[in-house]
Amino acid sequence: LLAKADPSGTARQLEEMRAEQAASAAAGLRDVFFGYDSWTITEEGRQALSRDADWMKSNPGALLKVEGHCDDRGTSAYNLVLGEKRAKAVRNYLVELGVSANRLSVVSYGKERPFCLERAESCYQQNRRGHLVVRSMK
C-alpha cells in the first residue's frame with residue numbers, strides 16, 4: 001500500500017522496469033503482446049519468440065525469467081491468473097522451439113507492474129505482455 005501512495009516508489013519501479021526492458025532489448029529479446037483477456041500468442045508473437053529462441057540457443061548459459069503482465073482492468077486476483085497463463089504460454093512456446101524448460105522461470109505480476117500508466121487502449125496494449133528478462137549468463 002505504501003508503494004502505491006509513494007510517487008517516488010512508483011517512479012523508481014518504472015525506471016527499474018525500463019532498465020530491464022533496455023537490457024532485454026540489448027540482448028535482442030522481444031516482448032510478446034496479447035489481446036484483451038487473452039493468452040493466445042499471435043503470429044507476431046510467434047515470430048518474436050522464434051528470434052528469442054535463436055538468441056537462447058546461441059547463448060546456452062543464459063537463464064530467463066518470463067514475466068506475465070496485464071492491463072489494469074479486472075481484479076488483482078484475476079489478472080495474476082491471466083498473467084501466469086501468458087507467461088506459461090510464452091515459456092511453453094519457447095520450449096516447443098527447442099529451449100530447455102529448466103532455463104526458463106515464470107512469474108506473474110498481473111496488473112501490479114504496468115509499463116504504461118495512461119488510461120488509453122494504446123497504453124493497455126503495452127501492458128498486456130509476456131516480458132523476457134535475462135536472469136543470468138554463465
Side-chain angles (χ1 to χ4, degrees):
L1 249 68
L2 289 176
K4 289 185 180 182
D6 176 10
S8 66
T10 301
R12 188 169 44 257
Q13 186 180 42
L14 278 172
E15 190 176 308
E16 289 170 7
M17 286 187 294
R18 289 202 167 99
E20 283 181 349
Q21 186 86 15
S24 295
L29 299 174
R30 304 276 177 106
D31 285 354
V32 176
F33 296 94
F34 295 91
Y36 176 72
D37 198 29
S38 173
W39 61 91
T40 301
I41 298 174
T42 64
E43 178 57 34
E44 184 179 341
R46 286 190 291 274
Q47 290 174 11
L49 289 174
S50 179
R51 289 189 295 273
D52 294 341
D54 289 343
W55 182 87
M56 289 289 293
K57 291 172 189 173
S58 66
N59 292 275
L63 301 177
L64 292 187
K65 176 174 62 170
V66 182
E67 299 177 348
H69 296 272
C70 302
D71 63 37
D72 69 356
R73 297 173 288 184
T75 66
S76 290
Y78 179 83
N79 281 317
L80 280 172
V81 172
L82 180 59
E84 184 175 1
K85 289 178 179 179
R86 288 174 174 168
K88 286 181 175 178
V90 169
R91 179 200 58 201
N92 293 345
Y93 194 73
L94 287 169
V95 169
E96 284 180 35
L97 293 173
V99 176
S100 177
N102 64 1
R103 297 175 60 199
L104 303 166
S105 63
V106 170
V107 64
S108 174
Y109 290 110
K111 64 182 183 177
E112 301 306 316
R113 292 182 65 180
F115 183 73
C116 181
L117 297 174
E118 297 169 26
R119 300 193 64 75
E121 181 57 32
S122 60
C123 187
Y124 292 144
Q125 288 173 347
Q126 294 177 55
N127 291 333
R128 296 189 304 255
R129 69 197 188 282
H131 177 64
L132 301 177
V133 177
V134 177
R135 289 187 334 178
S136 69
M137 296 284 293
K138 293 179 184 174

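When a residue number appears, it is its place in the shown sequence, counting from 1.
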Go through the steps for Asp31 and His131 under the test side chain to side chain donor-acceptor pair (under 3.5 Å), then give the verdict.
CA-CA 5 Å; Asp31 285 354; His131 177 64; 2.6 Å; yes
Would [X] end up clustered with [Y] when hydrophobic side chains under 4.5 Å apart are linked, directly or stepwise?
X      : Y      : result
Leu49  : Val99  : yes
Met56  : Val134 : yes
Tyr109 : Leu82  : no
Val32  : Val95  : yes

Do the non-hydrogen side-chain atoms of Phe34 and Val90 ever get within less than 4.5 Å of each other?
yes
Between Gly83 and Cys70 the two heavy atoms that sit nearest each other are N-SG, 3.5 Å
Considering non-hydrogen atoms only, spot the tightest contact between Lys111 and Ser76 and give its length.
CE-OG, 3.4 Å
Within the side chain of [X], is there an N or O that forms a donor-acceptor pair under 3.5 Å with the backbone of [Y]?
X      : Y     : value
Arg103 : Ala62 : yes
Arg86  : Ser38 : yes
Ser108 : Leu80 : yes

Using 0.5 Å steps for rounding, measure from the CG atom of Leu97 to the OG atom of Ser50.
5.5 Å
For the side-chain contact (heavy atoms from CB on, under 4.5 Å) test, which of Gln126, Glu112, Arg113 pairs with His69?
Arg113
Under the side chain to side chain donor-acceptor pair (under 3.5 Å) test, which residues partner Lys88, sequence neighbours left out?
Glu84
With sequence neighbours left out, what residues match Ala89 under side-chain contact (heavy atoms from CB on, under 4.5 Å)?
Ile41
With sequence neighbours excluded, residues passing side-chain contact (heavy atoms from CB on, under 4.5 Å) with Arg73
Tyr36, Asp71, Glu121, Tyr124, Arg128
Could you tell me whether Glu118 atom CD has more than 12 heavy atoms of other residues or ligands within 6.0 Å of it?
no
